[in-house]
Amino acid sequence: MLLIAILCLTHKIQDKPLEAAGQGIAFVASILQRSNGLAPSLTAMERIQILAARETGDAGSSGVSQLLRSSESAADSLIVGKLPVTEKVLVTATRATGISAHWILTGEGSQDPHSPNLDDEMLFIRSMRSLDRSHALRVLLSLNLDAVLCVLNEPDRTRCLVSIYGLVEAVDADGPAQAAFGPGELETIRKNVAQAAFIWHIDLATKTSSMFTPLHEAVGIFGPERSPTLLDLLG
């Protein structure tokens, strides 16, 4: 479960000396509030592609076919609109992901059809409250990358996403660097990057850019190569 991975990460971070502990929860709350409603409007099929990106790391026909257990040609027909999003498609997507069919259709309400675990939520809040802004931003980048991208302008959004994509690719090739991440965190970041690239129409393979983020600091890559840093941009 992602929440457990994030909690493990916050406890790992808490072992380090913090200069401004206690700002984390307020900082994250301000970003979530500012990002509310700023994400692009999406169709039901586009939301299914987002789920495919989360589950498989691919928002295209290959990822959708894996999610829906269909052929790639059928997935491609759904993506381009030749086939409708039927009740069977919705049920399959919901069962595969645990995401509410109402959210897939409308984008409204909670994505989770079940009630949240309040004990887990309180443990997460207490952990976040002990972190400073930089470490809290690192957790948010792992947990909800899209919320961060929502409050950036288009050039900075692209720089941020491409930089994190490049970091993940570099860490994949460097075994020792992977130890900086919590269990399952790196894979979650990779899938979140694929999801965000689809939502914001950013072709990661054709762009080169750099921005210093707390994820770079976590693996010992210090910067920025160009100012301002992501933390500066978020205020």
Side-chain angles (χ1 to χ4, degrees), residues 2 5-6 9 12-13 28 31-32 34-35 38-40 42 46-67 79 97 134-234:
L2 176 58
I6 298 299
L9 171 63
K12 180 186 291 188
I13 291 172
V28 168
I31 293 176
L32 294 177
R34 288 155 55 195
S35 67
L38 296 181
L42 301 170
E46 286 171 331
R47 292 187 194 94
I48 290 175
Q49 288 180 263
I50 289 174
L51 298 180
R54 289 183 190 174
E55 296 294 320
T56 71
D58 183 357
S61 56
S62 176
V64 171
S65 67
Q66 292 178 56
L67 182 75
I79 290 171
T97 62
S134 178
H135 290 112
L137 177 57
R138 177 189 167 183
V139 175
L140 186 59
L141 287 170
S142 299
L143 187 66
N144 193 345
L145 172 61
D146 194 51
V148 176
L149 298 177
C150 275
V151 298
L152 298 174
N153 61 36
E154 185 175 352
D156 288 333
R157 182 184 304 129
T158 299
R159 287 178 58 210
C160 178
L161 188 59
V162 172
S163 294
I164 293 175
Y165 170 73
L167 176 68
V168 170
E169 294 292 298
V171 171
D172 270 341
D174 185 350
Q178 296 177 19
F181 295 91
E185 184 190 6
L186 194 62
E187 182 62 24
T188 298
I189 295 172
R190 181 184 293 106
K191 291 177 179 179
N192 286 346
V193 166
Q195 170 187 319
F198 169 75
I199 292 175
W200 298 104
H201 306 290
I202 297 172
D203 186 351
L204 297 170
T206 64
K207 297 184 181 297
T208 57
S209 184
S210 59
M211 176 183 287
F212 181 67
T213 76
L215 293 176
H216 292 77
E217 183 178 2
V219 296
I221 301 174
F222 293 94
E225 294 185 25
R226 290 196 298 273
S227 294
T229 70
L230 177 58
L231 193 62
D232 293 332
L233 290 171
L234 293 172

Undergrad: For the residue pair Glu55 and Thr97, what are the closest heavy atoms and their distance?
TA: CG-CG2, 3.8 Å

Undergrad: Apply side chain to side chain donor-acceptor pair (under 3.5 Å) to Arg47 and list each qualifying residue two or more places apart in sequence or on a separate chain.
TA: none

Undergrad: For Thr213, give me all partners under side chain to side chain donor-acceptor pair (under 3.5 Å), at least two apart in sequence or on another chain.
TA: His216

Undergrad: Once rounded to the nearest 0.5 Å, what's the spacing between atom CG of Leu140 and atom CD1 of Ile31?
TA: 5.5 Å

Undergrad: Within this structure, what is the CD1-CG distance for the pair Ile199 and Leu149, rounded to the nearest 0.5 Å?
TA: 8.5 Å

Undergrad: Please name the pair of heavy atoms, one in Ala147 and one in Leu32, separated by the smallest distance, quoted to 0.1 Å.
TA: CB-CD2, 3.7 Å

Undergrad: Nearest 0.5 angstrom please: Ile164 CD1 to Leu230 CG, how far?
TA: 7.0 Å

Undergrad: Working to the nearest 0.5 angstrom, can you tell me the gap between Glu185 CD and Leu143 CG?
TA: 10.0 Å

Undergrad: Keeping the roles fixed (side chain from Gln195, backbone from Arg54), state whether a donor-acceptor pair exists under 3.5 Å.
TA: no

Undergrad: Quick one: side-chain contact (heavy atoms from CB on, under 4.5 Å) partners of Ser61, sequence neighbours excluded?
TA: Glu72, Ala75, Asp76, Ile79

Undergrad: Could you work out, with side chain to side chain donor-acceptor pair (under 3.5 Å) as the rule, every residue matching Asn144, not counting sequence neighbours?
TA: none

Undergrad: Sequence neighbours excluded, which residues qualify as side-chain contact (heavy atoms from CB on, under 4.5 Å) partners of Ala194?
TA: Ala53

Undergrad: Nearest 0.5 Å please: distance from the CG atom of Leu145 over to the NZ atom of Lys191.
TA: 15.0 Å

Undergrad: Restricting to non-hydrogen atoms, name the atom on Trp200 and the atom on Asp146 that form the minimum distance, rounded to 0.1 Å.
TA: NE1-OD1, 2.9 Å

Undergrad: Apply side-chain contact (heavy atoms from CB on, under 4.5 Å) to Asn153 and Leu233, showing your working.
TA: CA-CA 10 Å; Asn153 61 36; Leu233 290 171; over 6 Å; no

Undergrad: Verify side-chain contact (heavy atoms from CB on, under 4.5 Å) between Val28 and Val139, making sure each step is shown before the conclusion.
TA: CA-CA 9 Å; Val28 168; Val139 175; over 6 Å; no

Undergrad: Has Asp232 got a side-chain atom pairing as donor or acceptor with Thr229's backbone, closer than 3.5 angstrom?
TA: yes

Undergrad: side-chain contact (heavy atoms from CB on, under 4.5 Å) between Leu152 and Leu234: does it pass, once the steps are laid out?
TA: CA-CA 8 Å; Leu152 298 174; Leu234 293 172; 4.0 Å; yes

Undergrad: Between Leu67 and Ile48, what is the shortest heavy-atom contact and its length?
TA: CD2-O, 3.8 Å

Undergrad: Check side chain to side chain donor-acceptor pair (under 3.5 Å) between Glu169 and all other residues, then give those that pass, not counting sequence neighbours.
TA: none

Undergrad: Going by the rule side-chain contact (heavy atoms from CB on, under 4.5 Å), which residues pair with Ser134 if we only count those two or more places apart in sequence or in a different chain?
TA: Asp132, Pro214, Glu217, Leu231

Undergrad: State which residues pass salt bridge (charged side-chain N to carboxylate O under 4.0 Å, His left out) with Asp172; sequence neighbours excluded, sorted by chain then number.
TA: Arg190

Undergrad: Considering residues at least two apart in sequence or located in another chain, which fulfil the side-chain contact (heavy atoms from CB on, under 4.5 Å) criterion with Asp58?
TA: Thr56, Ser62

Undergrad: Testing the basics here: between Leu215 and Ser142, what is the closest heavy-atom pair and its distance to 0.1 Å?
TA: CD2-OG, 4.2 Å

Undergrad: Return the set of residues passing salt bridge (charged side-chain N to carboxylate O under 4.0 Å, His left out) with Arg157 (not counting sequence neighbours), or none when no residue passes.
TA: none

Undergrad: Between CZ of Phe181 and CD1 of Ile189, what distance do you get to the nearest 0.5 Å?
TA: 5.0 Å

